[in-house]
Amino acid sequence: MKKIAVIIGSLRKDAFNRKMANALIALAPASLSLEIVEIGNLPFYNEDLEDDPPKSWIEFRDRIRMFDGVLFVSPEYNRSVPAVLKNAIDVGSRPYGKSVWNGKPGAIMTLSLGAIGGFGANHHLRQSLVFLNVPTMQQPEAYIGNAASLFDESGNLANASIKNFVTSYIDAFAAWVEINTANGK
Ligand SMILES: Cc1cc2nc3c(=O)[nH]c(=O)nc-3n(C[C@H](O)[C@H](O)[C@H](O)COP(=O)(O)O)c2cc1C
């Protein structure tokens with residue numbers, strides 16, 4: 001069983017991305033255990049604070065270290081990564097040489113109201129993950145547009161087509177995690 005941190009790039013209570021994170025958790029195969037890690041309480045990264053880091057930074061870093069992999073589920077803000085998500089990535093990446101992301105297999109799903117499904121955010125996030133040495137799943141890509149139409153009133157995925165895609169995506173990620181943790185990482 002591999003433990004996966006799910007990080008949501010939206011703080012909105014009714015976020016479509018949170019609904020999608022819950023769907024991914026529900027549809028994940030038995031080989032994965034997914035848990036949402038909240039990021040809304042992390043103070044903005046400021047290197048001056050490293051002398052006496054905020055408790056929430058320390059807890060976040062310690063928590064992420066416990067996971068075998070990381071799954072990002074995020075909207076796109078102004079064609080890029082929402083600040084709250086970038087901040088969480090930055091907090092986890094420091095102090096230099098002690099990044100909690102190093103070597104953890106990852107995947108990115110972006111979900112937006114627009115038709116292009118957060119492509120810009122998805123690839124900007126990939127750019128950071130290359131530097132952070134997070135082997136990030138290449139296929140299937142997941143740029144999910146028209147998010148409002150995907151969920152029913154209870155917040156569940158509304159049709160078989162999206163359910164099938166999300167299932168195949170999380171199955172592929174499970175395989176990706178296995179391959180990338182094969183060396184006992
Ligand atoms: C500051 C801001 C910037 C946004 N920029 C984009 C954008 O670049 N592309 C896009 O498709 N949607 C954009 N949107 C709309 C989001 O897709 C929409 O708010 C979506 O519901 C956010 O995801 P959530 O429901 O998980 O919070 C933006 C929304 C906000 C608040």
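We count ligands from 1, going down the list as the structure has it; atoms in each ligand are counted the same way. Since we're looking at a predicted model, the values are computed, not measured.
- In summary, the aromatic rings of Y143 and H123 are positioned with their centroids under 6.0 Å apart.
- Looking from atom 25 (O) of ligand 1 to the surrounding protein, the closest heavy atom is R12 NH2, 2.7 Å.
- For atom 9 (N) of ligand 1, the nearest non-hydrogen atom of the protein is E76 OE1, 2.7 Å.
- A 6.0 Å sphere centred on CD of Q127 holds no more than 12 heavy atoms belonging to other residues, nucleotides or ligands.
- If you number the atoms of ligand 1 from 1 as listed, the ones under 4.0 Å from a heavy atom of A15 come out as 24 (P), 25 (O), 26 (O), 27 (O).
- For the residue pair Y45 and E50, a side-chain donor N or O sits within less than 3.5 Å of a side-chain acceptor on the partner.
- Taking 4.0 Å as the cut-off between side-chain N and carboxylate O, E178 and K2 count as a salt-bridged pair.
- The option with the heavy atom closest to atom 31 (C) of ligand 1, from among F151, Y143, Y77, is Y77.
- Ligand-side atoms of ligand 1 in range of S112: 10 (C), 11 (O), 17 (O), range being under 4.0 angstrom from any heavy atom.
- Here the protein heavy atom with the shortest distance to atom 8 (O) of ligand 1 is R79 N, 2.7 Å.
- Here the heavy atom of the protein found nearest to atom 22 (C) of ligand 1 is P75 CB, 3.6 Å.
- Atom numbering of ligand 1 starts at 1 in the shown order; those under 4.0 Å from a heavy atom of S10 are 24 (P), 26 (O), 27 (O).
- If you number the atoms of ligand 1 from 1 as listed, the ones under 4.0 Å from a heavy atom of G114 come out as 11 (O).
- For G118, no nitrogen or oxygen atom sits less than 3.5 Å from a nitrogen or oxygen atom of ligand 1, counting backbone and side chain alike.
- For atom 2 (C) of ligand 1, the nearest protein heavy atom lies closer than 4.0 Å.
- Judged by distance alone, with hydrogens and angles left aside, the side-chain atoms of S149 form a donor-acceptor pair with the main-chain N or O of N146 at under 3.5 Å.
- If you check the side chains of N122 and R126, you find a donor sitting under 3.5 Å from an acceptor.
- Numbered from 1 in the order shown, with element, the atoms of ligand 1 that lie under 4.0 Å from a heavy atom of N17 read 23 (O), 24 (P), 26 (O).
- Under 4.0 Å is where a charged nitrogen must lie from a carboxylate oxygen, and between R63 and E38 no such pair does.
- Ionic pairing of K86 and D90 is present here: one or more N-O contacts between side-chain nitrogen and carboxylate oxygen are shorter than 4.0 angstrom.
- Relative orientation of the F72 and W101 rings is tilted, given thresholds of 30° and 60° on the angle between their planes.
- For atom 4 (C) of ligand 1, the nearest non-hydrogen atom from the set N78, T110, L113 comes from N78.
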